[in-house]
Amino acid sequence: CVLVYNHANVIETTLQTILEQSLGDYEVVVSDDCSTDGTWEILSAFQEKYPRIRAIRTPRNLGMAGNANFAAAATTGDYIALLHHDDLYRRDLLVKWMGPLEQFPDIGFVFNAYGLENSEVDLSEAIPSGRVDGIWLLKNFLFPRWGCPIRGTAMIRRTAWNRAGGMRVEFGLLADIDLWMRLCMVGAVGYVPDELITVRHA
């Protein structure tokens with residue numbers, strides 16, 4: 001699920017890195033939250049050119065959390081990957097994310113280390129690779145800190161997403177953090193220490 005709103009200037013390069021994923025079997029649902037800058041026209045053109053892409057549009061501007069729920073409802077796979085409209089994704093992102101989910105049935109979601117475009121800032125976290133206890137992550141990283149090591153991009157087991165009821169829109173831009181906290185309370189978490197995503201902050 002690629003959540004999109006008013007990023008016509010970068011959406012094409014973002015989508016290109018998603019289309020180049022090494023995983024063979026995946027669908028790309030690009031959900032435009034009623035952009036006003038020509039983004040929808042770009043998505044429509046991409047959809048015509050690349051059969052893997054399915055562009056959808058929200059009935060009205062729903063905000064990040066509402067758009068995430070809208071996009072997830074349009075998918076059919078066992079795993080839901082939430083992606084941003086301005087990041088760049090390493091070719092093995094989806095494969096790396098799927099690894100812990102396939103290996104450990106109690107993992108609800110997987111996330112990874114990040115890099116910043118044109119920056120040497122180290123964003124790595126002292127989180128063990130593979131499976132970590134959800135309550136441990138909650139107590140050591142999500143409760144005591146203001147910043148969140150999960151930047152809104154993750155792969156979520158569909159059964160865990162459904163059990164949580166998706167994102168709670170009343171939390172606005174913090175709805176993803178609320179979701180990670182609730183998922184941590186009921187299951188394990190997967191972590192990949194590689195910089196699989198480059199954050200552009202476009």
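What's counted below: heavy atoms across the whole structure, side chains too, no hydrogens, waters or symmetry copies. Note that the structure is a prediction, hence the values are computed from the model and not measured.
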Item checked: Non-hydrogen side-chain atoms of I18 and R52 separated by less than 4.5 Å -> no
Notebook entry, point to check: Rounded to the nearest 0.5 Å, how far does OG1 of T14 lie from CG of L83?
Noted result: 9.5 Å
Next item on the list: Please check if the side chain of D133 supplies one atom and the backbone of I135 the other of a donor-acceptor pair under 3.5 Å.
Entry: yes
Notebook entry, point to check: So D78 and R158, salt bridge (charged side-chain N to carboxylate O under 4.0 Å, His left out) or not? Walk me through it.
Noted result: CA-CA 5 Å; D78 294 331; R158 180 175 296 279; 5.8 Å; no
Next item on the list: For L3 and A71, work out which heavy atoms get closest and say how close.
Entry: CD2-CB, 3.9 Å
Next item on the list: Indicate yes or no: at least one non-hydrogen side-chain atom of L93 is less than 4.5 angstrom from one of M155.
Entry: no
Item checked: CZ on F46 to CD1 on I53, rounded to 0.5 Å -> 6.0 Å
Next item on the list: Write down the atom of T17, the atom of Q21, and the distance for their closest heavy-atom approach.
Entry: O-NE2, 3.1 Å
Margin query: Using modelled atom types and a 3.5 Å cut-off, is there a donor and acceptor pairing between side-chain atoms of S129 and backbone atoms of P193?
Written below: no
Check: Can you tell me if N69 uses its side chain to pair, donor with acceptor, with the backbone of M167 under 3.5 Å?
Finding: yes
Next item on the list: Measure the shortest side-chain to side-chain distance between Y5 and I11 over non-hydrogen atoms and say whether it is less than 4.5 angstrom.
Entry: no
Notebook entry, point to check: Which atom pair, heavy atoms only, marks the closest approach of A65 to A175?
Noted result: CB-CB, 3.5 Å
Notebook entry, point to check: Y114 and T153: side-chain donor and acceptor closer than 3.5 Å?
Noted result: yes
Notebook entry, point to check: Could you state the interatomic distance from OH (Y89) to CH2 (W97), rounded to the nearest 0.5 Å?
Noted result: 7.0 Å
Note to self: I'd like to know if the side chain of R54 reaches the main chain of A74, judged simply by a donor and an acceptor atom lying under 3.5 Å from each other, with no hydrogens or angles considered.
What the structure shows: yes
Notebook entry, point to check: If only atom types and distance count, is the side chain of R182 paired as donor or acceptor with the main-chain N or O of G166 below 3.5 Å?
Noted result: yes
Next item on the list: Quick one: closest heavy-atom pair of C148 and W180, and the distance?
Entry: SG-CD1, 4.1 Å
Checklist line | Side-chain heavy atoms of K96 within contact of R90, under 4.5 Å | finding: yes
Item checked: Pairwise distance OG(S31) to CG(N67) - rounded to 0.5 angstrom -> 3.5 Å
Notebook entry, point to check: For R91, which residues count as a side-chain contact (heavy atoms from CB on, under 4.5 Å) partner, sequence neighbours excluded?
Noted result: S22
Next item on the list: Please report the shortest heavy-atom distance between I56 and W40, naming the atom on each side.
Entry: O-CZ3, 3.4 Å
Item checked: Closest contact, heavy atoms only, A154 versus F109 -> CB-CD1, 4.2 Å
Next item on the list: Mind running salt bridge (charged side-chain N to carboxylate O under 4.0 Å, His left out) on R151 and D87 for me, showing each step along the way?
Entry: CA-CA 11 Å; R151 293 173 171 262; D87 292 339; over 6 Å; no
Notebook entry, point to check: Does N140 reach the main-chain N or O of W136 with its side chain, forming a donor-acceptor pair under 3.5 Å?
Noted result: yes
Check: Is R60 atom CZ crowded by more than 12 heavy atoms from other residues, nucleotides or ligands, each under 6.0 Å away?
Finding: no
Check: Under 4.0 Å between a Lys/Arg side-chain N and an Asp/Glu carboxylate O for D32 and R57?
Finding: yes
Notebook entry, point to check: What pairs with N6 under side-chain contact (heavy atoms from CB on, under 4.5 Å), at least two apart in sequence or on another chain?
Noted result: S35, T36, D37
Notebook entry, point to check: Hey, is the main chain of I107 close enough, under 3.5 Å, to the side chain of R157 for a donor-acceptor pair?
Noted result: yes
Next item on the list: Examine the side chains of T76 and E27 and answer whether a donor and an acceptor come within less than 3.5 Å of each other.
Entry: yes
Check: Once you round to the nearest 0.5 Å, how far does CE of M185 lie from CG of L183?
Finding: 10.5 Å
Check: Do V29 and V2 have side chains that get closer than 4.5 Å, going by heavy atoms?
Finding: no
Next item on the list: Measure the spacing between CG of L179 and CH2 of W161 and express it to the nearest 0.5 Å.
Entry: 6.0 Å
Item checked: Check: A55 main-chain N/O paired with Q47 side-chain donor or acceptor under 3.5 Å -> yes
Margin query: Between I150 and Y191, is there a side-chain heavy-atom distance shorter than 4.5 Å?
Written below: no
Notebook entry, point to check: Can you check whether L62's main-chain N or O pairs, donor with acceptor, with D33's side chain at less than 3.5 Å?
Noted result: yes
Check: Hey, is the main chain of E195 close enough, under 3.5 Å, to the side chain of N112 for a donor-acceptor pair?
Finding: no
Next item on the list: Determine whether L15 and I42 make a side-chain contact, defined as any pair of heavy atoms from C-beta on separated by less than 4.5 Å.
Entry: no
Notebook entry, point to check: With side chains defined as the heavy atoms from C-beta onward, is the minimum distance between L101 and Y79 less than 4.5 Å?
Noted result: yes
